[in-house]
Number of protein chains: 2
Amino acid sequence: MNFSSKILEESVKALSTLPGVGKKSALRLALHLVQDKTLKAAKLSAALNRLGSDIKQCKTCCNISDHDVCDLCLTQNRNKYVLCVVESARDVMAIEDTNQFNGKYHVLGGVISPLDGIGPADLSISLLVDRIYAENIEEVIMAISPTIEGETTIYYISKLLTDMNVKVSIIARGVAFGGDLEYADELTLGRSIVSRLPYNVQF
Amino acid sequence: MNFSSKILEESVKALSTLPGVGKKSALRLALHLVQDKTLKAAKLSAALNRLGSDIKQCKTCCNISDHDVCDLCLTQNRNKYVLCVVESARDVMAIEDTNQFNGKYHVLGGVISPLDGIGPADLSISLLVDRIYAENIEEVIMAISPTIEGETTIYYISKLLTDMNVKVSIIARGVAFGGDLEYADELTLGRSIVSRLPYNVQF
């Protein structure tokens, strides 16, 4: 591409390092910002600058936070004896959006994936074990994606917790609401039949 | 969405003002930047800051430039008597990428579009007329999209130039290379038959 401006070229290069943004999309975004008259570029720059320098990881649950300990860990309104173990901060947000969970969280920071060189030591698993001891946790809910790596992680953590006085549960797997049975994959459909529930169960 | 961090929320808000970036994509991008360990957020922030404050418009051709006059206007290696009139800086880049044009450019900054409230006065048309006088331009090539607004703009400018000693041409319209005739729209195909060329034409 023939850029008439070095500044534009650098912005396109920086924007195209974002996931899912190619050279052409990056150019479109940069030109949009150049032509914008509402200081959008300056605002975005300031926000990203703070994102890069001021965001912290909560010391208790490893969630993204503005302070040393996040609001979810500090609040007194939640059941502090139930921990929901998730992969990432995104999953905390997804579960919070459901309004169905009132306990605390623990963010692993990924799943065990030997192919990507991620072992148990790279995740906050030892911190989780410490928390279960220190905070007298009664139940650990594994809200981890049912992929091969996710299942491995669930298996690894539940093995670690067998000798501890804590209940380990996993979120239900089955056909999605609004989904057509015809299009559900065999494994999911098969598991949903094996793990069938009595119909008068409380949702 | 339940954000655990105000800083993250602000970044997501700023990112989602970009064209084609919704709330969910913005969140994905922001979380990517948070988790990145190569200072990507700081680099992007710095690049966008310069984009917002340091980019200028070339005083001669209205192209995007780092200086008061852009490199394309300053160079002595190009035919300064042929002007290619385009809508935007993006079009200059597209034509430069073809390596088929060796003249100078003039960027209108849009097309006449009464529905969007864009009239001739909002575009750099008077500057174009001044340039044609001042620089003794011999040919003006209209490289403007063949849309209704584009055609209106071409008509308006060519009307303005009728009394001036300048040749006005438009880029060829017809079926695209690699395109299937079957899928070409009727107007394009019809026009390509009307504007047919003798076969031994030089490409």
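All values below were derived from every heavy atom in this structure, side-chain atoms included, with hydrogens, water molecules and symmetry-related copies excluded.
- Per-residue counts of heavy-atom pairs under 4.5 Å with chain A were compared for Leu33(B), Leu15(B), Thr17(B); the largest is that of Thr17(B).
- Contact check for Met93(A) versus Leu27(B): side-chain heavy atoms found under the 4.5 Å cut-off.
- By number of non-hydrogen pairs under 4.5 angstrom with chain A, the leading residue of Lys43(B), Lys56(B), Arg90(B) is Arg90(B).
- Of the listed residues Arg50(A), Gln35(A), Arg28(A), the one with more heavy-atom pairs under 4.5 angstrom with chain B than any other is Arg50(A).
- Residue contact with chain B, scored on non-hydrogen atoms closer than 4.5 Å, involves the side chain of Leu31(A) exclusively.
- Counting heavy atoms from C-beta outward, His106(B) and Leu127(B) have side chains that approach closer than 4.5 Å.
- Only the side chain of Lys24(A) comes within less than 4.5 Å of a heavy atom in chain B; its backbone stays farther off.
- Interface summary for chain B: among Leu51(A), Val12(A), Leu8(A), Val21(A), the most heavy-atom pairs under 4.5 angstrom belong to Leu51(A).
- Ser192(B) places no side-chain N or O within donor-acceptor distance of the main-chain N or O of Gly174(B), the cut-off being under 3.5 Å.
- Proximity to chain B involves both the backbone and the side chain of Ile64(A), based on heavy atoms less than 4.5 angstrom apart.
- Within 6.0 Å of CZ in Arg131(B) there are more than 12 heavy atoms belonging to other residues, nucleotides or ligands.
- Only the side chain of Lys40(A) comes within contact range of chain B, with heavy atoms under 4.5 Å apart.
- The side-chain heavy atoms of Val140(B) and Lys167(B), taken from C-beta on, include no pair separated by under 4.5 Å.
- Looking at Asn2(B) and Val92(A), their side chains never come closer than 4.5 Å, going by heavy atoms from C-beta outward.
- If you tally non-hydrogen atom pairs under 4.5 Å between each of Ser5(B), Ala14(B), Cys58(B), Ala42(B) and chain A, the highest count goes to Ser5(B).
- The candidate with the highest count of non-hydrogen atom pairs below 4.5 Å against chain A, out of Asn49(B), Asp97(B), Asp36(B), is Asp97(B).
- The backbone N or O of Ile7(A) lies less than 3.5 Å from a partner atom in the side chain of Ser11(A), making a donor-acceptor pair.
- In this structure, Leu123(A) and Ile118(A) have side chains that are in contact, with non-hydrogen atoms separated by less than 4.5 Å.
- Heavy-atom pairs under 4.5 Å with chain A were tallied for Ala41(B), Ser25(B), Gly20(B), Pro19(B); the largest tally goes to Pro19(B).
- Interface residue Ala30(A): backbone and side-chain heavy atoms are both found under 4.5 Å from chain B.
- For the pair Arg173(A) and Ser195(A), the minimum side-chain heavy-atom distance is 4.5 Å or more.
- Within the 4.5 Å cutoff, no side-chain heavy atoms of Thr152(A) are placed close to those of Val111(A).
- Listed in order of number, the residues of residues 65-85 of chain B that approach chain A to under 4.5 Å between heavy atoms are Ser65(B), Asp66(B).
- Each of Ala46(B), Ala47(B), Ser88(B), Gly109(B) has some count of heavy-atom pairs under 4.5 Å with chain A, and the biggest count is that of Ala47(B).
- Counting heavy atoms from C-beta on, the side chains of Thr153(B) and Met142(B) never come closer than 4.5 Å.
- Contacts between Asn63(A) and chain B at a heavy-atom distance below 4.5 Å involve the side chain alone, from C-beta outward.
- Across Val175(B) and Thr188(B), no two heavy atoms sit closer than the pair N-CG2, 4.1 Å.
- If you measure heavy-atom distances from Ser53(A) to chain B, you find no contacts under 4.5 Å at all.
- Between Glu10(A) and Lys13(A) there is no salt bridge, since no side-chain nitrogen of the basic residue lies less than 4.0 Å from a carboxylate oxygen of the acidic one.
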